[in-house]
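Here is the structure we will look at, set down as structure tokens.
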Amino acid sequence: MLTTAPKGTKDVLPGESYQWHYIENIMREVCRVYGYDEIRLPTFEHTELFLRGVGDTTDVVQKEMYTFEDKGGRSITLKPEGTAGAARMFVEHALYNEALPKRLYYLNSAHFRYERPQAGRYREHHQFGVEVFGAPQSAIDAEVIMLAMAVLRRAGLPNLEVELNSIGCSKCRPAYSQALKEYLHAHEDELCGTCRERMERNPLRVLDCKVEGCKAVAAAAPKPVDYLCQECAAHFESLKAYLQMENVKFRVNPFIVRGLDYYTRTVFEILSPDLGAQSTVCGGGRYDGLIEAVGGPQVAGIGFGMGMERLLLALEKMNVDIPKPERVQLYVAPMGEEASLAAFDLVSRLRQAGVKAETDCVGRSLKAQLKYANKLDCAFVAVVGSDELAGGAWRVRDMMGGEETTRTPEEIFQMLTEATK
Ligand code: ATP
Ligand code: MG
């Protein structure tokens, strides 16, 4: 137990973090040009927020939440998704009084879901996500999808598939729900227990159920796109026109309903078919009723969540070459106490000047130090003992070319600071 991480969690090891930096930098850069501002939100919220904001008949709320009572007797939930918290923040700080739309993003946000762990599915995972509040037009739907595609493409993922659907609004949903309920009643004995219970209150959830029998029933169910009101149909058509204009290839998949209750109109997923079972890297949609549902005014919203682990997994599967971190420019191997001081001083000065440098701090022999320096993969190794100190010239080996020269500490400093300019 002590030396085993809890099931469904994952350590990022020192040799792996550069891969995270790579995608984080791309995410930040794409958000910069699209004009999105970063937000950082708490890891836990009041449970009530998710019951209202995600929906108490969803799989996430019914089966997957980490909920506990804190010492003050409050019901707390580790956030299973990012949108409800962002909506809470938007309302709490009355951001609706500021210039709209508000374009926001978060990354490395930890999300917790009690799921059966497998490749690409963890109990703690991290998401990059965007939320835009106060923009009801379809142009923003297109923008958000294009932003997600820009991140994935810049990260190096080929073969992306955008799947789109529209699930209507509060005006056209009732007629659709009615048709769906009638259909589900006719197939009641083929559904799982959870779906039989929730089909009356929230029949749409059945379409998102992962149980095989329910999936089969869902495949022949009435489709939301066939029940859209005029406004929703026009919104959907206009979104498709934007995407066509920008050469974003997509496919309408009438079966996407998404796992959370708050979606209206546009829902979409971006898949990397090479990923196998867990192929959805990004999922999102419009949630025009969410801000009101969590106690704010009527403000439209749209966003997506992108699984960071899943994206990294996809990059690995596709053998995408992620730039390796910078190597150590200089390792100084001192022999003796006096040399150690001089080495420490040179390395400190180099670090202050922005050069990645290192020296011994565990009192190793020269042989052991050189072995260590080899493992480090450094550009140069300098050796300094009493002779070098007395003569002022240290031995410097170019680890790539192999040649050895002698240089004063000042010359070494100059050489390395020039090289990094
Ligand atoms: P799935 O259908 O795979 O369960 P979801 O619809 O539950 O996904 P969302 O709530 O849309 O997922 O979350 C957005 C993204 O976060 C997903 O597309 C996926 O990349 C990632 N994600 C979701 N759940 C997990 C998990 N348990 N482990 C790792 N990544 C996840
Ligand atoms: Mg899920």
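What you see is a predicted model; the values in this text were computed from it and never measured. Numbering of ligands and ligand atoms starts at 1, following listing order.
- Among pairs with a residue in residues 15-43, those fulfilling ring pair (Phe, Tyr, Trp, His ring centres under 6.0 Å) read Trp20-His126, at least two apart in sequence or across chains.
- Scored by the side-chain hydrogen bond (donor to acceptor under 3.5 Å, both in side chains) test, Asp274 finds Asn159 as partners (sequence neighbours excluded).
- Annotation: cation-pi geometry not satisfied between Arg40 and Tyr106 (NZ/CZ under 6.0 angstrom from ring centroid, within 45° of ring axis).
- Sorted by first and then second residue, the pairs that involve residues 282-323 and meet ring pair (Phe, Tyr, Trp, His ring centres under 6.0 Å), not counting sequence neighbours, are Phe128-Phe304, Tyr262-Tyr287.
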Could you walk me through whether Tyr263 and Ile167 pass the side chain to side chain contact (heavy atoms under 4.5 Å, CB included) test, one step at a time?
-> CA-CA 8 Å; Tyr263 288 104; Ile167 57 170; 3.7 Å; yes

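- For ligand 1, residues of the protein lying within 4.0 angstrom by heavy-atom distance are Arg113, Glu115, Gly120, Arg121, Tyr122, His125, Gln127, Lys210, Arg258, Thr280, Val281, Cys282, Gly283, Gly305, Gly307, Arg310.
- With respect to Glu38 and Arg28, a salt bridge is recorded, a charged nitrogen being found less than 4.0 Å from a carboxylate O.
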